[in-house]
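Below is one structure; the comments refer to it alone.
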Amino acid sequence: FPLKSARAGPVLVFSPNSNGNPFRLLPSGLITNNLLFDEYPENTISNSSSLSRFPIEGVASRFMTPLLLAFAAGALYGISALFCKRALDTGAGTFRSLAYSNWLITLIFIPYPFLAEQAFTYSTLQNGFLIGVLFFASQTACFLALRRGEASVITPILGSKSLFVAVFLVLLGFKDTLPSQTWWAAGLAGIAVGLLGWPAKNYRPSLIGLGLAIITAAGFGLTDALVPHFVKTADPFHLLFVMVATVGLLSFFLLPFSKG
């Protein structure tokens, strides 16, 4: 199968050869703007021994690593939501806990500017501030939702973020259209989180909590749609640093409302 990436240049094709080796590198065509896997015609497969070998482990690692990292992030977020709910139920102040959480995130991102490879620009500051305000508002809605509702109901609803990401990508014009598979995946994910968050028979969920959870999912979904768009013209390390720095600075305004 030919692997087409987003950068211009020749493409490397991975396909089985006849001498028992699992994969070889074959040159093929030009790269398009999308990551695609198209069937490579059999009659173009070369058995030349001069072609370099590419271990299948490298291919698997390249595509599995992002999925594993996403899975780990989701699992850790679910655990953190449970700890957050427990803290709020035992007397921790909502806004105080939110401020501490935001400041810890900011501390972790302090080294990011030293990892940047591009110059800092005014547009980076502007866009980073915008998504920082959006992230701060979403994070605030999340804590308020956990305060008003059960974590077992609220947390799965936050998983509908994937559906909002797909919607915002189209509404904002970042994508002319999305493949039907993406819409199916986003829709099924929304149904799944709805079933996971369906309350027990004798449980009456907080409508305010549910509403805040949906607002949270939409806010984080919009953030996830904006960040990849902005990093096209900015260094991602600078952009993310400005975003979390904005979150940390805005958290000081929570102190007058802190209790517990």
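Side chains are part of it too, since the values below use all heavy atoms of this structure and drop only hydrogens, waters and symmetry mates.
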Transitive ILVMFWY cluster of F83, excluding itself - 4.5 Å side-chain cut-off:
I79
Which pairs, with at least one residue in residues 75-95 and sequence neighbours excluded, count as a salt bridge (Lys or Arg N to Asp or Glu O under 4.0 Å)?
K85-D89
Which pairs pass salt bridge (Lys or Arg N to Asp or Glu O under 4.0 Å) with one or both residues in residues 125-145, sequence neighbours excluded?
none
Among pairs that include at least one residue of residues 66-82, which meet salt bridge (Lys or Arg N to Asp or Glu O under 4.0 Å), considering only residues two or more places apart or in two chains?
none
Residues at least two apart in sequence or cross-chain that pass side chain to side chain donor-acceptor pair (under 3.5 Å) with S251, listed by chain then number, are N102
Donor-acceptor pairs under 3.5 Å, side chain of residues 225-244 to any protein atom, not counting sequence neighbours: which ones?
residue : atom : partner : partner atom : Å
T233    : OG1  : F230    : O            : 3.3
D235    : OD1  : F237    : N            : 2.9
D235    : OD2  : E117    : N            : 2.7
D235    : OD2  : Q118    : N            : 3.0
H238    : NE2  : Q118    : O            : 3.1

Quick check: are there more than 12 heavy atoms from other residues, nucleotides or ligands sitting under 6.0 Å from CD1 of I208?
no
Strictly by side chain to side chain donor-acceptor pair (under 3.5 Å), give each pair with a member in residues 209-225 just once, sequence neighbours left out.
K161-D224
Please list all pairs meeting salt bridge (Lys or Arg N to Asp or Glu O under 4.0 Å) that have one or both residues in residues 99-109, counting only residues at least two apart or in different chains.
none
Applying ring pair (Phe, Tyr, Trp, His ring centres under 6.0 Å), name anything that partners F253, two or more places apart in sequence or on another chain.
none
Ignoring hydrogens and angles, write down the donor-acceptor pairs under 3.5 Å from the side chains of residues 122-136, residues two or more places apart or on other chains.
residue : atom : partner : partner atom : Å
S123    : OG   : T121    : OG1          : 3.1
T124    : OG1  : T121    : OG1          : 2.8
N127    : ND2  : S123    : O            : 3.1

May I ask you to list the residues sharing a hydrophobic cluster with I110, side-chain cutoff 4.5 Å, ordered by chain and number?
L107
Mind listing the closest non-hydrogen atom pair of A145 and A213 along with its distance?
CB-N, 3.8 Å
